[in-house]
Amino acid sequence: MASASEIAGRFRSLPKRQKVALAVALTLAIASVIFLVAWTGRTEYKSLYSNLTEEDRALIEQRLREMGVPYKVTSTGIMVPSDRLYPLRLKLASEGLPQAGVVGFEIFDKTNFTMTDFLQKVNYQRALQGELSRTIQALSEVQQCRVHLSLPEKTLFGEEERPKASVVLKLRPGVRLSKKQIQGIVHLVASSVEGLTPQDVTIIDSRGNLLTRPRGEDFVTMTASQLEFQNLVERYLEDKIVGLLEPVVGDGKVRAKVSTSLDFTKIEKREELYDPDSQVARSEQKKTEKSTKTPAGGVPGVKSNLPASPFGVSGQTGYTERKNEIINYEISKVVRHLISPPGTIKRITAVVLVDGKYKAEGGDQQYIPRTKEELESFEEMVKKAIGYDEKRGDEVKVVNLPFGAERAVEPTPVPERKLIPDVVFTLLRYLIPVLVVLMVLLFVVRPLVKVLTTPPPTVRPPSGMPMRVEEVERMMLPEGASKEQVVEWARRNPQKAAQLVKYWLEEG
């Protein structure tokens, strides 16, 4: 193995171009090693929290410094090492971070005996506002929330003012709150503050749109809800028609529009019906009286004929009988209390468009209309689906029109791209630097070492004295050789040719 001095001497003996090439190759090798060490040793950062308020960002940064966790602050949030992401989230969540810039009842954790009554009331109001904000922000549609309460002072004399509340919501992109959710937020705030009524709660979004209705708009709200209900009924019937006919005529070849007339009148009716033909004996009462007659009698003579004589002659008495019967009848009665719910369908009008058939001829799509029997069967199916009633004046019309020949050609399904799993990315992260270093070692470092450690072939004269270039040419090249012979000789004797070129360069 060559020593360091021999390697240095051989490097000095190389031509200038080879020295530059070797220096560049050595620099690339060193840079590849540094790149490998930096690539494999670098820390991957991931977002811990994004879209933080200034208060939460300051608190989280302070807590990370206390725990000795490295972090990076970006324009969107705070980033931490990926291997510590989830433990840090659990740790900060247990400490109540982030707080979304609000303060809850933890403000009373530290007791301050020098605090005045006014500050106590202010802190209570701040805590109540903060707790309400956190509760509302728990909704998946709400990104941020601020609650402002106006709590008037209680007075002994005079009329007290009612408390009021205002809620500002920042919704997540692409979502909306339903009316039920808005009413739920209103009742949540009203139930959490003493004396606060739902009518005194105002909710707006971050764009300034009023989400709660002002007072005196019950009629408008009722009309809007009726219109929404009517749209729901119409869409429901349209979906039924499309879902019924699409399996028959093909996907995308049916269009349905339904118009309904609804009766939102609420009717309460009470009826009492009597049936005279249906009689039932309710009570019966019978009474019978009888009496018997007796013959005449007495003492004959003058004494019995005298007035006031106890011996007078009595006349003959008769026999009587009396019956009394009373029957009370009850007539059957039916009492009905009828309440007709609002939203009864008064009339339905439906129009259905059905596409025809297409036949490929010479690369073109030829339209074939539906037959009359098919349209009649489709119309009958639609009537059965929507509950057609001729007495209400319902109308159903099925029309056959071409939707376009391009609909007959089924679109080519786009193959779903398969996402590369994270394991592959991890392997590539360490495999690519290793491959780069191996290529540098094989194609840069190895030839460099071979050049520096392999002694070049030398041509020495028999006497061991230095020779002139002309003498070397006479020894190596055939005498009187042509250009083609010299090229052939260089191809067969590459080492001698290289040595000859070296002599030429040394001689300048």
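Tested against Val168, the residues Thr202, Ile204, Ile203 include a single side chain to side chain contact (heavy atoms under 4.5 Å, CB included) partner, Ile204.
Here the CG atom belonging to Leu169 is positioned 8.5 Å from the CG atom belonging to Leu139, to the nearest 0.5 angstrom. Rounded to the nearest 0.5 Å, atoms CZ (Arg255) and CG (Asp355) are 9.0 Å apart. To the nearest 0.5 angstrom, Thr371 atom OG1 is 9.0 Å from Glu376 atom CD. With rounding to the nearest 0.5 angstrom, the CG atom of Asp263 is 14.5 Å from the CZ atom of Arg347. Remark: Glu395 CD to Lys383 NZ distance equals 10.0 Å, nearest 0.5 Å. With values rounded to the nearest 0.5 angstrom, Lys257 atom NZ is found 14.5 Å from Thr349 atom OG1.
Panel note: side chain Gln230, backbone Leu262; no donor-acceptor pair is recorded below 3.5 Å. Listed for the Glu141 side chain is no donor-acceptor partner under 3.5 Å among the backbone atoms of Leu171. At distances below 3.5 Å, at least one donor-acceptor pair connects side-chain atoms of Arg172 with backbone N or O atoms of Ser140. Distance alone, capped at 3.5 Å, is enough to place a donor-acceptor pair between the Glu246 side chain and the Gly252 backbone.
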Go through the steps for Lys357 and Glu374 under the test side-chain contact (heavy atoms from CB on, under 4.5 Å), then give the verdict. CA-CA 12 Å; Lys357 301 177 183 179; Glu374 287 180 321; 3.6 Å; yes
Start with the C-alpha distance between Val382 and Tyr388, add both sets of side-chain angles, then the distance that settles side-chain contact (heavy atoms from CB on, under 4.5 Å), and finish with yes or no. CA-CA 8 Å; Val382 171; Tyr388 175 84; over 6 Å; no
For Asp394 and Arg392: C-alpha separation, side-chain torsions, deciding distance, then whether salt bridge (charged side-chain N to carboxylate O under 4.0 Å, His left out) applies. CA-CA 6 Å; Asp394 297 348; Arg392 291 187 310 207; 2.6 Å; yes
Salt bridge (charged side-chain N to carboxylate O under 4.0 Å, His left out) evaluation trace for Arg235 with Asp239: CA-CA 6 Å; Arg235 286 198 300 268; Asp239 293 340; over 6 Å; no
Derivation and outcome, side-chain contact (heavy atoms from CB on, under 4.5 Å), residues Glu379 and Lys397: CA-CA 7 Å; Glu379 183 176 346; Lys397 187 68 174 179; 5.9 Å; no
Derivation and outcome, side-chain contact (heavy atoms from CB on, under 4.5 Å), residues Val193 and Leu128: CA-CA 9 Å; Val193 181; Leu128 186 58; 4.0 Å; yes
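For Glu194, the CD atom sits in a loose shell: 12 or fewer heavy atoms of surrounding residues, nucleotides or ligands are nearer than 6.0 Å. Atom OH of Tyr86 is surrounded by 12 or fewer heavy atoms from other residues, nucleotides or ligands within 6.0 Å. Within 6.0 Å of CZ on Arg176 lie no more than 12 heavy atoms contributed by other residues, nucleotides or ligands. The number of heavy-atom neighbours closer than 6.0 Å to CD of Glu390, taken from other residues, nucleotides and ligands shown, is 12 or below.
Glu325 has its side chain within reach of Glu284: a pair of non-hydrogen atoms, C-beta onward, lies under 4.5 Å apart. Under the 4.5 Å side-chain criterion, counting only non-hydrogen atoms from C-beta, Glu61 is in contact with Ile78. Leu177 places a side-chain heavy atom less than 4.5 Å from the side chain of Ile185. By the 4.5 Å heavy-atom criterion applied to side chains, Leu92 and Ile60 are counted as neighbours. Between Tyr71 and Leu48 there is no side-chain heavy-atom pair separated by less than 4.5 Å. Side-chain contact between Tyr49 and Arg89 is present, with heavy atoms from C-beta onward closer than 4.5 Å. The shortest distance between side-chain heavy atoms of Ile136 and Val189 falls below 4.5 Å. Using a 4.5 Å cut-off on side-chain heavy atoms (C-beta onward), Val248 and Phe378 make contact.
Across all non-hydrogen atoms, the minimal contact from Gln137 to Gln144 is CD-CA, 4.1 Å. For Val249 against Arg370, the heavy-atom pair with the smallest separation is CB-NH2, 3.4 Å. The two residues Cys145 and Val167 make their nearest non-hydrogen contact at SG-CG1, 3.9 Å. The minimum heavy-atom distance linking Val258 with Leu237 is given by the pair CG1-CD1, 3.8 Å. Of all heavy-atom pairs between Leu85 and Ser47, the closest is CD1-O, 3.4 Å. Taking each heavy atom of Pro163 and Asp200 in turn, the nearest pair found is O-CB, 3.7 Å.
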